[in-house]
*Asks:* 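There's a structure below that I have some questions on.
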Amino acid sequence: MSSGSWPLWEVFVRARRGLSHVHAGSLHAPDREMALRNARDVYTRRQEGVSIWVVASEDITASSPDERDSFFDPAADKVYRHPTFYDVPEDVEYL
Amino acid sequence: MYGNDFGQPGTTDPGAGAPPHPLNAAETPDYTDALAEYFDGLIEEDQRVEPRDAMPEAYRTTLIRQMAQHAHSEIIGMQPEANWITRAPSLRRKAILMAKVQDEAGHGLYLYSAAETLGVDRSELLDKLHSGRQKYSSIFNYPTLTWADAGAIGWLVDGAAIMNQVPLCRCSYGPYARAMVRVCKEESFHQRQGFEILWVLARGTEEQKAMAQDAANRWWWPALQMFGPPDTGEHASSGHTAQSMAWGIKRFSNDDLRQKFVDMTVPQAQKLGITLPDPDLAWNEERGHWDFGPIDWDEFWRVLKGDGPCNEQRIRTRVQAHEEGAWVREAAEAYAAKQAARHQPEAVA
């Protein structure tokens with residue numbers, strides 16, 4: 001089997017305790033266990049992380065760049081979701 | 001509840017009914033010692049505990065209970081304010097209130113997800129809420145009688161919640177701390193919109209001013225109760241504060257947070273031109289804090305245990321929403337099943 005037909009895995013690395021796992025990149029591997037070990041060797045050679053997740057790329061459903069505007073449009077006209085929208089006197093502390 | 005945990009002491013007893021001899025290695029003294037060393041080391045170094053770390057069972061159950069109560073408070077907290085959505089005084093206020101109630105639903109979801117990292121299922125937690133086996137913040141058992149209550153909730157209830165939740169961003173359990181970072185970011189709009197509602201009313205007609213004052217009178221004491229019973233003295237409950245602080249779940253005592261809240265809020269009330277319903281409220285030069293009068297803890301426990309003005313209505317509405325929403329969950333599953341069937345490769349005959 002050539003590496004070309006191995007499934008693609010997305011790699012998420014937690015840099016240190018308390019932080020969430022962040023997408024680092026992807027790699028090919030024949031199964032999840034090997035993907036995890038490869039991810040360690042590819043993405044954490046300099047102790048970039050304390051924990052790794054690998055997720056089969058085909059299991060990720062992503063929004064489409066073409067639809068970006070319409071997809072996120074519902075939030076565009078709701079400026080009142082931000083605290084700066086409100087008129088309160090400037091000299092009130094802790095608001 | 002809203003970031004606090006005052007489950008009744010003695011309600012969880014993991015040791016009850018346990019067999020005399022451990023059934024697996026994880027229950028042997030050697031394992032317990034090794035776990036304690038590892039876990040205590042993390043806590044001592046103020047490191048975050050993550051879902052796959054070994055942790056004492058009591059830490060896990062405490063966190064599940066606290067996160068569940070917190071999540072329940074968020075979703076029950078949608079009700080008092082939702083009461084005013086159809087009657088908000090302008091389109092602007094209505095859009096804001098809808099956004100806020102929507103945020104509360106979102107906060108509930110963040111917290112149920114965080115609780116699920118400890119191996120519980122949210123349907124289990126909802127069952128416990130619906131059957132009264134888990135609580136939510138007693139504050140939401142009070143009614144919202146006028147529009148000014150929408151303001152008072154944002155200003156006082158969300159103000160108190162922020163005071164409780166900011167230290168939880170540094171809580172020892174990673175998923176809870178990260179959920180709190182999101183929640184706190186979103187809360188600041190809640191507090192400001194509440195203050196703005198009262199700011200406008202306090203500059204309005206005599207009736208509007210009276211409405212703002214009446215709301216502050218009714219919400220002030222329940223807001224102070226949100227921090228939970230005192231940590232010391234005759235009203236101290238044998239609750240979880242000491243253990244939770246040792247575990248880094250809680251960073252400040254109930255009384256410290258309550259004092260901070262009073263110190264923050266009194267000047268804001270002065271700015272609004274609203275009085276707070278406490279004849280003992282006075283600046284104490286020596287302490288550098290505001291003194292305040294005694295809190296009615298009998299009322300607190302009574303309301304928490306079910307005998308508040310709206311307890312029955314809140315749970316009834318929640319259960320009704322859950323049951324009447326069943327068709328939505330079923331429809332989603334039916335749609336997913338249909339899509340899966342449609343995309344299945346043709347079976348080879």
Side-chain angles (χ1 to χ4, degrees), chain A residues 5 7 9 11-24 32-33 35-37 39-40 43-44 47-64 67 71-95, chain B residues 42 45-53 92-100 102-103 106 154-155 158-159 162-163 166 169-179 181-182 185-200 203 260-261 263-265 267-272:
Chain A
S5 59
W9 303 84
V11 180
F12 299 80
V13 175
R14 184 202 297 288
R16 56 184 169 81
R17 280 176 182 281
L19 300 180
S20 48
H21 288 77
V22 173
H23 187 239
R32 59 184 67 210
E33 281 301 324
L36 189 61
R37 278 155 206 284
R40 175 196 59 195
Y43 290 104
T44 60
Q47 296 183 298
E48 286 92 339
V50 295
S51 170
I52 298 176
W53 288 345
V54 290
V55 181
S57 304
E58 64 169 13
D59 288 340
I60 291 179
T61 307
S63 60
S64 151
E67 290 169 356
F71 193 73
F72 293 106
D73 181 60
D77 60 352
K78 294 178 181 61
V79 62
Y80 46 81
R81 283 176 176 158
H82 297 278
T84 45
F85 179 73
Y86 298 91
D87 292 325
V88 297
E90 280 184 11
D91 55 343
V92 181
E93 283 191 292
Y94 308 112
L95 265 186
Chain B
L42 285 180
E45 291 166 27
D46 200 17
Q47 294 278 327
R48 297 291 167 270
V49 177
E50 295 293 349
R52 300 198 60 176
D53 287 325
R92 178 183 187 270
R93 294 288 182 206
K94 189 196 285 258
I96 291 167
L97 197 54
M98 281 168 48
K100 180 174 190 292
Q102 191 182 25
D103 272 0
W155 175 44
D158 291 313
I162 291 170
M163 201 54 95
V166 166
C169 297
R170 294 189 295 118
C171 154
S172 61
Y173 189 56
Y176 193 19
R178 290 191 288 275
V181 171
R182 293 187 74 95
K185 264 187 200 160
E186 297 177 0
E187 289 282 2
S188 65
F189 122 57
H190 298 182
Q191 189 196 16
R192 279 174 74 99
Q193 65 86 34
F195 189 89
E196 193 200 57
I197 289 173
L198 294 178
W199 179 248
V200 169
R203 256 134 217 85
K260 275 183 157 187
F261 175 70
D263 292 347
M264 173 186 89
T265 310
Q268 294 175 348
Q270 290 171 338
K271 189 80 195 170
L272 285 168

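Each chain gets a letter, A, B and so on, in the order its sequence line appears, and its residues count up from 1.
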*Asks:* Does NZ belonging to A/K78 count more than 12 external heavy atoms closer than 6.0 Å?
*Replies:* yes
*Asks:* Using a cut-off of 6.0 Å, state whether more than 12 heavy atoms not belonging to B/R182 lie near its atom CZ.
*Replies:* no
*Asks:* For B/L42, is it the side chain, the backbone, both, or neither that has a heavy atom closer than 4.5 Å to a heavy atom of chain A?
*Replies:* side chain
*Asks:* I'd like to check the ring-ring contact (aromatic ring centres under 6.0 Å, His included) partners of A/Y86; sequence neighbours left out, ordered by chain and number.
*Replies:* B/F189
*Asks:* So which of B/E186, B/Q270, B/R92 has the biggest tally of heavy-atom pairs under 4.5 Å with chain A?
*Replies:* B/R92
*Asks:* Counting heavy-atom pairs under 4.5 Å with chain A, which one of B/S188, B/S172, B/G174 comes out on top?
*Replies:* B/S188
*Asks:* Please enumerate all residues that pass ring-ring contact (aromatic ring centres under 6.0 Å, His included) together with A/H21, with sequence neighbours excluded.
*Replies:* A/W53
*Asks:* Out of curiosity, A/L95 CG to B/E196 CD, how far, rounded to the nearest 0.5 Å?
*Replies:* 11.0 Å
*Asks:* Tell me, side chain or backbone of B/A95 under 4.5 Å from chain A's heavy atoms, or both, or neither?
*Replies:* both
*Asks:* So for B/R52, is it side chain, backbone, both, or neither that comes closer than 4.5 Å to the heavy atoms of chain A?
*Replies:* neither
*Asks:* Can you tell which part of B/V49 gets under 4.5 Å to a heavy atom of chain A, answering side chain, backbone, both or neither?
*Replies:* backbone
*Asks:* Could you grab the distance from atom OH of A/Y94 to atom CE of B/M163, nearest 0.5 Å is fine?
*Replies:* 8.0 Å
*Asks:* Tell me the closest heavy-atom pair linking A/P83 and B/R192, and the distance in Å.
*Replies:* O-NE, 2.8 Å
*Asks:* For the pair A/R14 and B/E50, evaluate salt bridge (Lys or Arg N to Asp or Glu O under 4.0 Å) and give the outcome as yes or no after the intermediate values.
*Replies:* CA-CA 11 Å; A/R14 184 202 297 288; B/E50 295 293 349; 3.2 Å; yes
*Asks:* Are B/K271 and A/P89 packed together at the side-chain level, in the sense that at least one heavy-atom pair is separated by less than 4.5 angstrom?
*Replies:* yes
*Asks:* A/R17 versus B/D53: any side-chain heavy-atom pair under 4.5 Å?
*Replies:* yes
*Asks:* Considering all heavy atoms of both residues, which atom of B/R178 and which atom of A/G18 are nearest to each other, and what is their separation?
*Replies:* NH1-O, 2.9 Å
*Asks:* I'd like to know if the side chain of B/Q47 pairs up with that of A/R16 as donor and acceptor (distance under 3.5 Å, no hydrogens or angles considered).
*Replies:* no
*Asks:* Which one of B/M264, B/R170, B/H190 has the most heavy-atom pairs closer than 4.5 Å to chain A?
*Replies:* B/M264
*Asks:* In sequence, state the C-alpha distance, the side-chain angles, and the governing distance for A/R81 and B/D103, and then conclude on salt bridge (Lys or Arg N to Asp or Glu O under 4.0 Å).
*Replies:* CA-CA 9 Å; A/R81 283 176 176 158; B/D103 272 0; 5.2 Å; no
*Asks:* Measuring heavy-atom distances to chain A, does B/Q102 have an atom under 4.5 Å in its side chain, in its backbone, in both, or in neither?
*Replies:* side chain
